[in-house]
Each structure stands twice: as structure tokens, then as C-alpha cells.
Amino acid sequence: MSVPETSPQPRVYFQTPAGTTEEPETPVRKQGRVTVKYDRKELRKRLNLEEWIIDQLTDLYDCEEEAIPELEIDVDELLDMPSDVERAARVKDLLVDCFKPTEDFISELLDKIRGMQKLSTPQKK
């Protein structure tokens with residue numbers, strides 16, 4: 001089998017202008033686009049909430065994370081709802097095929113999302 005010859009990619013070299021000395025720059029840590037758009041603290045809260053939800057669902061369904069039935073608890077959707085009664089009903093509908101009691105989970109979930117900010121999808125420009 002013959003290996004086709006590949007031409008090496010051209011390289012770009014940057015030269016320091018004459019008369020300047022190159023000093024090593026101290027790296028400045030920039031916040032990523034997501035953490036600029038959203039508050040880092042709010043993202044951390046959301047991540048912690050999602051991990052808590054997964055832990056609770058594995059207990060409720062008595063299975064590993066991969067075996068949890070396909071369901072999506074959309075926190076933003078819940079935050080859009082006008083009352084806890086509607087939020088609780090929505091989550092209860094999502095957990096319809098769970099045979100363990102879900103009231104404690106729903107109550108704790110509603111307590112945890114109270115006061116959270118909605119994370120809207122970033123608009124493409």
C-alpha cells in the first residue's frame with residue numbers, strides 16, 4: 001500500500017518588531033461568554049440543582065442515572081409558571097410513571113427553585 005505524499009502546511013511566524021524586548025505576558029483569565037451573559041453564581045446554582053435532581057430521580061426510580069426514564073424537568077418552564085400549584089402539577093405529570101411517592105421531591109424542588117433566575121437561551125446575533 002502506498003502512502004500519498006502530503007505537503008506540509010505553511011507555517012506562520014510572528015516576529016517581534018525591532019527595538020522592542022519581548023516580555024512574557026502574564027495570562028489574564030477572561031470569563032467565558034456564558035459566564036459573562038449569566039452570573040457565574042446563578043450557573044453554579046443551576047448546576048447544583050440539576051445534579052440534585054438527577055440524584056433524586058435515581059432514588060425515585062431506583063435505578064442508575066442512565067436508566068432514568070426519558071423526562072425533562074425544565075427549570076425555566078417551571079419559573080415561568082405563575083404559581084407553585086401549577087409547578088407542582090407539571091412536575092407530577094412528568095413523574096407519572098414513578099411508583100414511589102414524589103411529594104417530598106416536588107416540595108423540595110419547588111423550595112430550591114424559589115428565587116432562582118430564569119436562564120434564557122442566548123440570542124444569536
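Below, all heavy atoms of this structure are taken into account, side chains as well, without hydrogens, waters or symmetry copies. Since the model is a prediction, treat every value here as computed from it, not as a measurement. This chain uses plain numbering: 1 for the first residue, then up along the sequence.
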Do Glu103 and Ile106 have side-chain heavy atoms sitting under 4.5 Å apart?
-> no

Side chains of Val91 and Phe105 in contact at under 4.5 Å (non-hydrogen atoms) = yes

Is the number of heavy atoms from other residues, nucleotides or ligands under 6.0 Å of Glu51 CD greater than 12?
-> yes

Residues Asp59 and Lys100 bridged, charged N to O under 4.0 Å | no

Under a 4.0 Å N-O cut-off, is there an ion pair linking Arg87 with Asp84?
-> yes

Candidate pair Arg114 and Asp111, rule salt bridge (charged side-chain N to carboxylate O under 4.0 Å, His left out), full reasoning | CA-CA 5 Å; Arg114 201 167 285 117; Asp111 284 345; 2.8 Å; yes

Which is it for Arg46 and Glu50 under the side-chain contact (heavy atoms from CB on, under 4.5 Å) test, yes or no, and what are the steps along the way?
-> CA-CA 6 Å; Arg46 186 64 66 103; Glu50 289 186 13; 3.8 Å; yes

Can you see which heavy atom on Trp52 is nearest to which on Leu109, and at what distance?
-> CH2-N, 3.7 Å

Shortest non-hydrogen pair, Pro69 vs Asp97, comes out as CB-OD2, 4.3 Å

Counting distance only, does the side-chain N/O of Ser83 pair as donor-acceptor with the main-chain N or O of Glu86 below 3.5 Å?
-> yes

Counting only N and O atoms by type, is there a donor-acceptor contact under 3.5 Å from the side chain of Gln117 to the main-chain atoms of Glu42?
-> no

Option among Leu95, Leu78, Ile73 that satisfies the side chain to side chain contact (heavy atoms under 4.5 Å, CB included) test with Arg90 | Leu78

Enter the distance from Glu108:CD to Leu110:CG here, rounded to the nearest 0.5 Å.
-> 10.5 Å

From the options Asp80, Asp76, Asp74, select the one residue that forms a salt bridge (Lys or Arg N to Asp or Glu O under 4.0 Å) with Lys118.
-> Asp80

Hey, mind stepping through Leu49 and Met116 against side-chain contact (heavy atoms from CB on, under 4.5 Å) and telling me if it holds?
-> CA-CA 10 Å; Leu49 176 66; Met116 280 188 136; 3.8 Å; yes

